[in-house]
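Below is one structure; the comments refer to it alone.
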Amino acid sequence: MSRRILLIEDNEQNRYLATFLLESHGYQVESAFDGASGLAVAQAKQPDVILLDIQLPQMDGHEVARRLRAIPNLRATPIIAVTSYAMVGDRERSIAAGCDGYIEKPIDPATFVGTIEEIIAAARASRTAS
Ligand code: MN
């Protein structure tokens, strides 16, 4: 099961809410606050899933996704972008950078974990098919 999730998010309130929702559903959450530390934690911990904020300081989420995909052990790990509703182009760019899907901010507590699980299932299915 995909129970260990790495959350790369610079906003403390979003991190708190996402962690609360995920832990309520039985996930173990590791957090990183920027791209560089997110890449380091991803390599060290080999999470089952990565939740990646796109608007990060210094290195943005698109660049983080590209770098994650270049790490051999993380090539098949589902990466879910968290994009701002206002930033329309972010969604397409996040997919182009290697993400498997996206969730829009603000986080909707009613749908957040369900959407993550749908994206994980679709990512697994497409990896198995190819
Ligand atoms: Mn952010």
Side-chain angles (χ1 to χ4, degrees):
M1 286 302 290
S2 330
R3 286 295 171 200
R4 295 181 317 116
I5 193 158
L6 168 60
L7 172 62
I8 307 175
E9 165 67 77
D10 63 314
N11 180 279
E12 188 179 352
Q13 284 180 310
N14 285 332
R15 215 164 48 230
Y16 181 87
L17 177 57
T19 300
F20 172 78
L21 294 169
L22 288 162
E23 287 182 348
S24 301
H25 285 79
Y27 287 86
Q28 272 179 262
V29 182
E30 293 275 350
S31 299
F33 315 142
D34 61 28
S37 60
L39 286 162
V41 174
Q43 278 183 288
K45 304 278 183 174
Q46 303 284 316
D48 300 312
V49 182
I50 299 170
L51 204 56
L52 174 62
D53 180 30
I54 293 301
Q55 291 184 286
L56 291 168
Q58 284 114 36
M59 191 191 308
D60 73 13
H62 301 117
E63 181 60 25
V64 176
R66 278 189 287 273
R67 293 190 190 199
L68 287 167
R69 283 291 178 242
I71 299 168
N73 289 343
L74 297 172
R75 209 156 269 163
T77 305
I79 303 174
I80 301 169
V82 183
T83 64
S84 167
Y85 179 71
M87 303 292 282
V88 177
D90 269 1
R91 299 164 212 165
E92 291 70 26
R93 288 181 61 207
S94 65
I95 301 299
C99 295
D100 293 288
Y102 59 83
I103 288 181
E104 279 170 1
K105 281 198 250 192
I107 289 171
D108 178 354
T111 59
F112 183 69
V113 175
T115 304
I116 287 171
E117 291 177 347
E118 283 171 23
I119 295 168
I120 293 169
R124 294 263 151 75
S126 75
R127 310 258 200 279
T128 307
S130 59

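For ligands, and for the atoms within them, numbers begin at 1 and follow the listed sequence.
- Judged as a salt bridge (charged side-chain N to carboxylate O under 4.0 Å, His left out), and not counting sequence neighbours, the contacts of Arg91 are Glu104.
- A donor-acceptor pair under 3.5 Å links the side-chain atoms of Arg127 to the main chain of Ala76, judged by distance alone.
- Partner of Thr115 under the side chain to side chain contact (heavy atoms under 4.5 Å, CB included) criterion, chosen from Asp108, Ile80, Ile107, Ile103: Ile103.
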N/O donor-acceptor pairs under 3.5 Å from side chains in residues 15-22, not counting sequence neighbours:
unit_1, atom_1, unit_2, atom_2, d
Arg15, NH1, Glu9, O, 3.0
Thr19, OG1, Arg15, O, 2.7

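- Contacts of Asp90 classified as side-chain hydrogen bond (donor to acceptor under 3.5 Å, both in side chains), with partners at least two apart in sequence or in another chain: none.
- Across Ile8, Ile119, Leu6, Ile116, a single residue satisfies side chain to side chain contact (heavy atoms under 4.5 Å, CB included) together with Leu51, and that is Ile116.
- Here the protein contributes Asp10 OD1, Asp53 OD2, Gln55 O as N, O or S atoms under 2.8 Å from the Mn ion (ligand 1).
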